[in-house]
**Student:** 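Mind looking over this structure? Questions follow.
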Amino acid sequence: MNHDTPSITPAPRLRAALILAIIADLVQIVVFPLFVAGGASPADDVLDLSVAGVLTLLLGWHWEFLPSFLAKLVPVVDFVPLWTLAVANVYRTQKRLAMAAEGLAQDHGPENVSRPV
């Protein structure tokens, strides 16, 4: 493992993913109904494919993205901010896992390790 390579912490990626999800949902809820013919439009589908791809690049594959993507293909469901909900659920899951790992690390920390005499 090379320690010289810079690493990106998950927080900026999660923040960028959340901003992207909010913008995509706002575009689908506010802008597309004004200018594009409903949720069955190709522009809406291209936006959903793009958002799914970028979110996967930012956060990795999560099962939460699949129902959001499939539901966005249904015309009326575009008015539900599913991308934002999916990213929020990924955040909640990651935070819960981090807290569990931190608790596990505290339970098995250096002070609890028996040393040979």
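Keep in mind the model is a prediction, meaning the values are calculated, not measured.
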**Student:** Out of the candidates Val87, Ile19, Leu58, only one should pair with Leu14 under the side-chain contact (heavy atoms from CB on, under 4.5 Å) rule; please name it.
**Tutor:**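 Among the candidates, only Val87 passes.
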**Student:** Counting distance only, does the side-chain N/O of Ser68 pair as donor-acceptor with the main-chain N or O of Leu82 below 3.5 Å?
**Tutor:**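 Indeed, once roles are kept as given, a pair shorter than 3.5 Å links the two residues.
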**Student:** Indicate the atoms forming the closest heavy-atom contact of Phe79 with Gln28, along with that distance.
**Tutor:**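 Shortest heavy-atom contact: CE2-O, 4.4 Å.
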**Student:** Which pair of non-hydrogen atoms, one from Ala24 and one from Leu47, has the smallest distance, and what is that distance?
**Tutor:**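 Closest approach of Ala24 to Leu47: O-CD2, 3.9 Å.
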**Student:** Going by salt bridge (Lys or Arg N to Asp or Glu O under 4.0 Å), name the pairs with one or both residues in residues 20-32, residues two or more places apart or in two chains.
**Tutor:**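 For residues 20-32, and leaving out neighbouring residues, the salt bridge (Lys or Arg N to Asp or Glu O under 4.0 Å) pairs sorted by first residue read Asp25-Lys72.
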**Student:** For Trp61, look at atom CH2 and say whether over 12 heavy atoms of other residues, nucleotides or ligands are found less than 6.0 Å away.
**Tutor:**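 Above 12, so yes.
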**Student:** Check whether any side-chain heavy atom of Phe69 lies under 4.5 Å from a side-chain heavy atom of Val51, and answer yes or no.
**Tutor:**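 No, every pair of side-chain atoms sits at 4.5 Å or beyond.
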**Student:** Check Leu85 against Val80 and note the closest heavy-atom contact, atom names and distance.
**Tutor:**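 Heavy atoms only, the tightest pair is CD1-CG1, 4.5 Å.
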**Student:** Output, in order, the C-alpha distance, side-chain angles, deciding distance and verdict of side chain to side chain contact (heavy atoms under 4.5 Å, CB included) for Val31 and Leu26.
**Tutor:** CA-CA 7 Å; Val31 177; Leu26 283 175; over 6 Å; no
**Student:** With a 4.5 Å cut-off on side-chain heavy atoms, are His62 and Gln94 touching?
**Tutor:**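 In short, these two side chains touch, coming nearer than 4.5 Å.
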**Student:** Could you give me the CA-CA distance, side-chain angles and deciding distance for Asp48 and Trp83, then say whether side chain to side chain contact (heavy atoms under 4.5 Å, CB included) is met?
**Tutor:** CA-CA 9 Å; Asp48 285 330; Trp83 290 122; 3.1 Å; yes
**Student:** Measure the OH-CD distance between Tyr91 and Glu64 for me, rounded to the nearest 0.5 Å.
**Tutor:**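 Answer rounded to 0.5 Å: 14.5 Å.
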**Student:** Tell me, please, which residues at least two apart from Arg92 pass side chain to side chain donor-acceptor pair (under 3.5 Å).
**Tutor:**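 Partners of Arg92 under the side chain to side chain donor-acceptor pair (under 3.5 Å) test: Asn89.
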**Student:** What verdict does the side chain to side chain contact (heavy atoms under 4.5 Å, CB included) test give for Leu59 and Phe65, after you've listed the backbone C-alpha separation in whole Å, the side-chain angles of each residue and the deciding distance to 0.1 Å?
**Tutor:** CA-CA 10 Å; Leu59 301 176; Phe65 297 154; 3.9 Å; yes
**Student:** Going only through I, L, V, M, F, W and Y residues with side-chain contacts under 4.5 Å, is there a path from Leu70 to Trp63?
**Tutor:**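 The answer is yes; both residues are in one hydrophobic cluster.
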**Student:** With rounding to the nearest 0.5 angstrom, report the CG to CZ distance, Leu57 to Arg13.
**Tutor:**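 That separation rounds to 8.5 Å.
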